[in-house]
Amino acid sequence: MTLDLTPGPVNLRDFETAARDRLDPVYYDYFASGAQDELTVAANEEAFRRHSLVPRVLRGAGRPRLDVTVLGTPAAMPVLLAPTAFHRLAHPEGEPATARAAAAAGVIMIAAMLSTVTVEEIAATGATLWFQLYPQPDLAFTGSLIRRAEAAGCRALVVTADSPALGRNERGDRNDFHDLPAGIHCANMGENGHVRQVVLSPDISWEYLDRLRAMTSLPILLKGVLHPRDARLAVEHGVDGIVVSNHGGRQLDTTPASLDRLPLIAAEVGGRVPLLLDGGVRRGTDVVKALALGATAVAIGRPVLWGLATGGEEGVGRVLSLLRAELDNALTLCGAATPGEVTGDELGGILA
Ligand SMILES: Cc1cc2nc3c(=O)[nH]c(=O)nc-3n(C[C@H](O)[C@H](O)[C@H](O)COP(=O)(O)O)c2cc1C
Ligand SMILES: CC(C)CC(=O)C(=O)O
């Protein structure tokens, strides 16, 4: 018997390396890649490096509490699982493995409409879910998806607004990856024995959002907002929350880092609705920086996929526990007692 003394991944970036070693390179590229030159992918992580945290001392804050409530949904920490498509490309168990890990960690999973297992089966894990929607021009079909998400117990609807078309993914082109492999499909899109094609439509407008608003009493978050005027419009159209996001740099390349847009949007929204941020969050200190700049919580996309590819439910669980430990440590070192206490004024010496 040989003893395995390798320590394994000790942070979220290590999980990417571990996942890369295990994954089919075509699927690795699908998960890792962004649009075109991937400038926005790089910008998202780079933006966090540009900011510093200035800790306060002798606050006697004690060990921080990490729990938050976002739009009525309690969570053990201000980190959600961003919606990402096609988890069965990462691990045969797919989304239910991710959901079990989210449930064990007490965090909210935003289930993607383009999951490879149905929302009902994901919900059967007992995880706390929100449901992400690509608004489909067929309103009746969209309505049926919303009804299913509601019936499955999803507690909010996350409407992705940054996808009037698919971003141009050149790694996918090089790999000729344009279809899911046999046996894996968009499980929520099944209808009378065939699978509906997802439509990313440039015709979706604020008027469509009004229709959605009238279709559900669930809180609605708009995902993919980068312009303060759109944030204002979102609030005017009755949205309950905003996800400041550039889709992990996978849609329009050369957009700014989502973190760099957060202060502008926070100033425009003025606390009327909670803001979430995703894109490039890899460290507990990144979470603190996002909180300092106006987010109530953040979401992570790729790190969850790296955990899933590396070790299924256990891998995702480890990603979440590492990030939790880092966040706990960062808040403690900042002298903050709760995530809500972190503000740009008091703690986040945001030095560009
Ligand atoms: C492989 C992959 C698939 C994604 N699928 C979706 C999706 O189906 N719907 C959606 O709104 N966003 C999707 N996203 C974007 C994420 O929700 C999120 O905005 C992004 O991953 C955050 O950046 P990060 O990966 O740097 O954490 C996807 C991202 C990745 C990496
Ligand atoms: C198939 C895509 C629309 C899923 C997605 O959002 C992405 O890969 O970024």
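Since the model is a prediction, treat every value here as computed from it, not as a measurement. Just follow the structure's listing: the first ligand is 1, and inside any ligand the first atom is 1.
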For the residue pair Arg196 and Phe141, would you count it as a cation-pi contact if the rule is NZ or CZ under 6.0 angstrom from the ring centre and within 45 degrees of the ring axis?
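That pair qualifies as a cation-pi contact.
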May I ask you to check if Arg282 and Phe15 form a cation-pi contact, with NZ or CZ under 6.0 angstrom from the six-membered ring centre and within 45° of the axis?
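No, cation not above the ring by the 6.0 Å, 45° rule.
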Residue of the set Leu291, Thr296, Leu262 for which side chain to side chain contact (heavy atoms under 4.5 Å, CB included) holds with Leu277:
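Single side chain to side chain contact (heavy atoms under 4.5 Å, CB included) partner of Leu277 among Leu291, Thr296, Leu262: Leu262.
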Output the distance between atom CG (Asp29) and atom CG (Asp173), rounded to the nearest 0.5 Å.
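Separation between the atoms: 11.5 Å.
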In Å, rounded to the nearest 0.5 Å, how long is the span from CD1 of Ile110 to CG of Leu276?
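Ile110 atom CD1 to Leu276 atom CG measures 6.5 Å (nearest 0.5 Å).
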What pairs of residues pass the salt bridge (charged side-chain N to carboxylate O under 4.0 Å, His left out) test when at least one of them lies in residues 114-132, not counting sequence neighbours?
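Of all non-adjacent pairs touching residues 114-132, those that pass salt bridge (charged side-chain N to carboxylate O under 4.0 Å, His left out) are Glu120-Arg148.
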Compile the protein residues with any heavy atom at a distance under 4.0 Å from an atom of ligand 1; present them by chain, then by number.
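Ligand 1 pocket, heavy atoms under 4.0 Å: Tyr30, Phe31, Ala82, Pro83, Thr84, Ala85, Gln132, Tyr134, Thr160, Lys223, Ser245, His247, Gly248, Arg250, Asp278, Gly279, Gly280, Arg282, Ile300, Gly301, Arg302, Leu305.
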Around atom CZ of Arg147, are there more than 12 heavy atoms of other residues, nucleotides or ligands at under 6.0 Å?
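Enclosed: over 12 neighbouring heavy atoms sit under 6.0 Å from CZ of Arg147.
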Of all residues at least two apart in sequence or in a different chain, which pass the side-chain hydrogen bond (donor to acceptor under 3.5 Å, both in side chains) check with Arg49?
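Listed in chain order: nothing, the list is empty.
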Under 6.0 Å between ring centres, would you say that holds for Phe86 and Phe31?
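When the ring centroids of Phe86 and Phe31 are compared, they turn out to be at least 6.0 Å apart.
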Measuring from each atom of ligand 2, which residues have a heavy atom under 4.0 Å away?
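The 4.0 Å shell around ligand 2 contains Tyr30, Ala85, Phe86, Leu114, Tyr134, Leu166, His247, Arg250.
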